[in-house]
There are 2 protein chains.
Amino acid sequence: MIGFSQTTGYAIQALACLAGGGDRLVQAKEIAACTGIPGPYLSKILNTLVRAGLLRSKRGYRGGVELVRPPEQICLVDIAAALEGDEWLPECLLGLGMAQDDCCPLAEFWKETRTRIQERLKELTLRDIMRFMEERGRTLAAPCDDASVADADGRRVWAGASMPAGGGAPGAV
Amino acid sequence: MIGFSQTTGYAIQALACLAGGGDRLVQAKEIAACTGIPGPYLSKILNTLVRAGLLRSKRGYRGGVELVRPPEQICLVDIAAALEGDEWLPECLLGLGMAQDDCCPLAEFWKETRTRIQERLKELTLRDIMRFMEERGRTLAAPCDDASVADADGRRVWAGASMPAGGGAPGAV
DNA sequence: AAGATAGTTGACATCGTTGTCCGTTTTTAC
DNA sequence: GTAAAAACGGACAACGATGTCAACTATCTT
């Protein structure tokens, strides 16, 4: 399979979802509900992203995670490297056991292709992904700092995957 | 990791090595010695290639495997499909959970890139790989049908990885 | 200080990949 | 017919990817 692992896909979804929540702490539970990623597994992925320096976390009551820098300053190469390691684009496509340069008949082609992929993934940021998901109703709703949408138990409610995609986040933030 | 599995790399090496042996039955043992692939595991891979219709095998004394068609008629797409299944190039690079078309912001870019990879791997045949390996001394030697190079035990000897790369296979075949 | 909340961490389960081992089956040589 | 050779096939082991679960720790509310 020539592609990213499922875990990396999860991470991208989670970060895009998180980026749509504005500048606030977001709980893993919210992200899980919004994306459909298994909760406990998502926690591990988020923790990996924290240790990779892409997220900041806060424990305890009203804790959560948030981006360490604005979404337009986090590119997909950062995410890929955090989840798959620095060597996520192999030197040789075919994997014959040869030396570094001139490793196989595709060496030149693959080097060029690899560069193109890397460039593309470097210029593609979390904001792009966020907007893409937003247009399809798969990000968190607006911040809701005024608690006006808390339910009877006093818990916050959030926009799940079933949100009618009402045209993106309102002007807040 | 965006690349083929190790098993697929093994298969390519094995087939290239086999193609360098001319039109004869070659034993798995020979290929293992030539390529360095673990013997028992190579047997499984060869068996997979037999069931995929790329190899023909013959059991018993003086048995072995051979290509079902000449190496210039076997392309890398055939091998990839045999080992990794038909879906070895995913529809969506990022793996967000969206619909088929317009699956992510990279949909157009990835479709084009995917096509380029597929085209390149379709026009690259086993003969190309074979020649590449031959120039580096990693294919089987000439057929040796006359048994003139059998050792004291009556076993055939073959050109292992330590062969001095004497300029490719002689004129035979 | 007590209790609730939410991230952290380690143990465990499941499955595919990679690989080893051994017995079975088929074919040839004698 | 017997023995050797070689592919075939299933059981097993090690490891990473993918998940689940429970205990622990940090933080906030009261």
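First the proteins, then the strands, lettered A, B, ... as listed; each starts at 1. Quick caveat: nothing in here was measured; it's all calculated off a predicted structure.
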* Kindly compute the distance separating CG (B:D102) from NZ (B:K111), expressed to the nearest 0.5 Å. => 11.5 Å
* Structure fact -> On DNA chain D, more 5' by nearest nucleotide between A:S5 and B:V50 is B:V50
* Asked: Any ring-ring contact (aromatic ring centres under 6.0 Å, His included) pairs touching residues 97-139 of chain A, not counting sequence neighbours?
  -> none
* Does B:L49 reach the side chain of B:V65, with side-chain heavy atoms less than 4.5 Å apart? -> no
* So which pairs with a foot in residues 23-73 of chain B pass ring-ring contact (aromatic ring centres under 6.0 Å, His included), sequence neighbours left out? -> none
* Going by the ring-ring contact (aromatic ring centres under 6.0 Å, His included) test, which pairs reach into residues 63-106 of chain B, not counting sequence neighbours? -> B:F4-B:W88
* **B:F4 CZ to C:dT18 C1', straight-line distance once rounded to whole Å** => 18 Å
* To do: Nearest whole angstrom, please: distance from the P of C:dT26 to the CG of B:L25.
  => 18 Å
* A:L46 CG to C:dA6 P, straight-line distance once rounded to whole Å -> 14 Å
* Asked: salt bridge (charged side-chain N to carboxylate O under 4.0 Å, His left out) between B:R24 and B:E30: does it pass, once the steps are laid out?
  -> CA-CA 12 Å; B:R24 64 182 179 104; B:E30 297 179 62; 3.2 Å; yes
* Structure fact -> From CD of A:Q6 across to C1' of C:dC15 the rounded distance in Å is 12 Å
* To do: Please determine if a side-chain N or O atom of B:S43 lies less than 4.0 Å away from the OP1 or OP2 oxygen of D:dC8.
  => no
* To do: Starting from P on C:dT8, measure out to CG on A:L42 and report it in whole angstrom.
  => 11 Å
* To do: May I have the distance from B:I45 (atom CD1) to D:dG9 (atom P), rounded to whole angstrom?
  => 16 Å
Give me the distances for all protein-to-nucleotides 12-14 of chain C N/O pairs that come in under 3.5 Å?
none

* Taking atom CD of B:E108 as the centre, report whether more than 12 heavy atoms of other residues, nucleotides or ligands fall under 6.0 Å from it. => no
* Taking only N and O in the side chain of B:N47, is any of them less than 4.0 Å away from OP1 or OP2 of D:dG9? -> yes
* To do: Encode nucleotides 20-30 of chain D as B, S and - characters from 5' to 3', where the letter depends on protein heavy atoms closer than 4.0 Å: B to the base, S only to sugar-phosphate, - to neither.
  => B----BBBBS-
* For the pair made of CZ in A:R24 and P in C:dA6, what is the distance, rounded to whole Å? -> 12 Å
* How many Å lie between CD1 on A:I31 and C1' on C:dA6, as a whole number? -> 13 Å
* Structure fact -> Applying salt bridge (charged side-chain N to carboxylate O under 4.0 Å, His left out) to A:E66 and not counting sequence neighbours gives A:R56
* Asked: So does B:E134 pair up with B:R127, basic N to acidic O under 4.0 Å?
  -> no
